[in-house]
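In what follows, chains are A, B, ... by sequence order, proteins preceding strands, each numbered from 1. Reckoned from all heavy atoms, side chains included, excluding hydrogens, waters and symmetry mates.
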Number of protein chains: 2
Amino acid sequence: MPPARKKNPDQDTAARTALLDAAQELMLEEGYAAVSTRKLAAKAGTNSALVYYYFGNMDDLFIALFRRGAERSYERQATALGSRQPLWGLWDITHDLTSTALIQEFQALANHRKAIRAEIAKFSRKFRRMQLDGIKQALAEYGVDSEQWPAVSVLILMSGISRFLLVEEEFGVTIGHAETVALVERHIRNLEGERDKALRKALLSR
Amino acid sequence: MPPARKKNPDQDTAARTALLDAAQELMLEEGYAAVSTRKLAAKAGTNSALVYYYFGNMDDLFIALFRRGAERSYERQATALGSRQPLWGLWDITHDLTSTALIQEFQALANHRKAIRAEIAKFSRKFRRMQLDGIKQALAEYGVDSEQWPAVSVLILMSGISRFLLVEEEFGVTIGHAETVALVERHIRNLEGERDKALRKALLSR
DNA sequence: GTCTATAGCTGGATAGAC
DNA sequence: GTCTATCCAGCTATAGAC
């Protein structure tokens, strides 16, 4: 027997998982504002009252969904940074459309929901620290001057560019994207050689 | 007499302007989802039915608000790029919190409103082309190798970093921000010298 | 655990008085 | 132009049957 949970069933029952899956799909398809108990139930093939049974309220459902995705991202990122090509790994993962779109929705949602805001902030710092450790080590091995190119800045540069490109692509704006991707990848290639395509595929399928 | 408008009063009456101002404040304070006709009326000190008189529906109100802000941004950016320090101008304007927060809200809103999505995409391309012209000219004057640093990539780099930093700051995450700002500004300084603070102030007060 | 039913509220939108 | 009144849809959340 696991230690007794505080209040509501936190186990991974089929219905609970179906609700979380449905919430994720809805957020991606129609935005967070479209996530209602009725639509969740319809998509998950269950009942709307189950949302309250499993999560208590909508805020806590969003937080549970965020955590589920965040933990998955964390492990993925950690694997990428621990691989033979940490920079390629970071770049390829950050450039993944689905997770970026979800993060965007959560950020918008957090603008007017304090509990969710706090959750995202907490996780962001944890995530950043982990990434930083990985990148620092890699750049040191490559002999990159940390005065001129601090690891944390390389991290922010790559993340920022990646996110910006993805947001624009969602709007069908792609002016200059190819040149910029080429620019970033040229720099990565200089440091850790050609991208190992098998490695990339293994990462993104996780 | 101006040429007759098609359908609804497009003039800048006090009530119309008050509604747009209220919508902007609400979006910044509570997110786009909080913008309702009733709240608008309350904040603007008018009546909720006026939204339909002036704008037809909520979508068209959002579009009118977007255009108002977009035109203002366009002129501001054009002025900055035409100044003696186009790079500093671009950097300082892109790093303005209020307009970035608004853009984020509109992007989230556009995720499930087709009309708004189209409006943003159209404007983004126009905006990008204008910025590109300015940056291209500046970089050419500074003798920057356009093979190694395409103007459009410089633009995307600066915009992406800036937006990323601002989003994180909204969440209270600032790890590595100072180093990264310093890095960008060092590069700008190498190209066009110290930032002219009077110029910056003039730009941001517009 | 899962369901129905429903209370209570807030929203967009319109008709029509002034 | 600006207002009141109102319709109807959709939402969160809860009570209680099974």
| message | Applying ring-ring contact (aromatic ring centres under 6.0 Å, His included), can you list everything that pairs with B/Phe164, at least two apart in sequence or on another chain? | response | none
| Can you check the B/Tyr53 OH to D/dC3 P distance for me, whole Å? | 13 Å
| request: Check whether any side-chain N or O of B/Arg195 sits under 3.5 Å from a backbone N or O of B/Gln85 as a donor-acceptor pair, and report yes or no. | output: no
| task | Look at the side chain of B/Ser162 and the backbone N and O of B/Ser159, then say whether any donor-acceptor pair between them is shorter than 3.5 Å. | result | no
| request: Would you indicate which nucleotide in D/dG1, D/dC3, C/dC3 comes nearest to any side-chain atom of B/Thr46? | output: D/dC3
| query | For the pair made of CG in B/Leu50 and P in D/dA5, what is the distance, rounded to whole Å? | reply | 16 Å
| query | Does the gap between the ring centers of B/Tyr32 and A/Tyr32 come in under 6.0 Å? | reply | yes
| query | Is it true that a side-chain atom of A/Gln77 and a backbone atom of A/Gln131 form a donor plus acceptor pair closer than 3.5 Å? | reply | no
| Rounded to whole angstroms, how far apart are CD on B/Glu30 and P on C/dT10? | 13 Å
| request: Quickly work out the A/Leu19 CG to C/dC3 P distance and round it to whole Å. | output: 10 Å
| Within this structure, what is the CZ-to-P distance between A/Arg16 and C/dG1, rounded to whole angstrom? | 12 Å
| message | With a 4.0 Å cutoff (strictly under), does any side-chain N or O of A/Asn47 reach OP1 or OP2 of C/dG1? | response | no
N/O-N/O pairs, protein side and nucleotides 10-14 of chain D side, under 3.5 Å:
unit_1: D/dC11; atom_1: OP1; unit_2: A/Ser36; atom_2: OG; d: 2.9
unit_1: D/dC11; atom_1: N4; unit_2: A/Arg38; atom_2: NH2; d: 3.2
unit_1: D/dT12; atom_1: OP2; unit_2: A/Thr37; atom_2: N; d: 2.8
unit_1: D/dT12; atom_1: OP2; unit_2: A/Thr37; atom_2: OG1; d: 2.9
unit_1: D/dA13; atom_1: OP2; unit_2: A/Met58; atom_2: N; d: 3.4

| message | List the residues meeting ring-ring contact (aromatic ring centres under 6.0 Å, His included) with A/Phe66, not counting sequence neighbours, and say none if there are none. | response | A/Phe106, A/Phe123
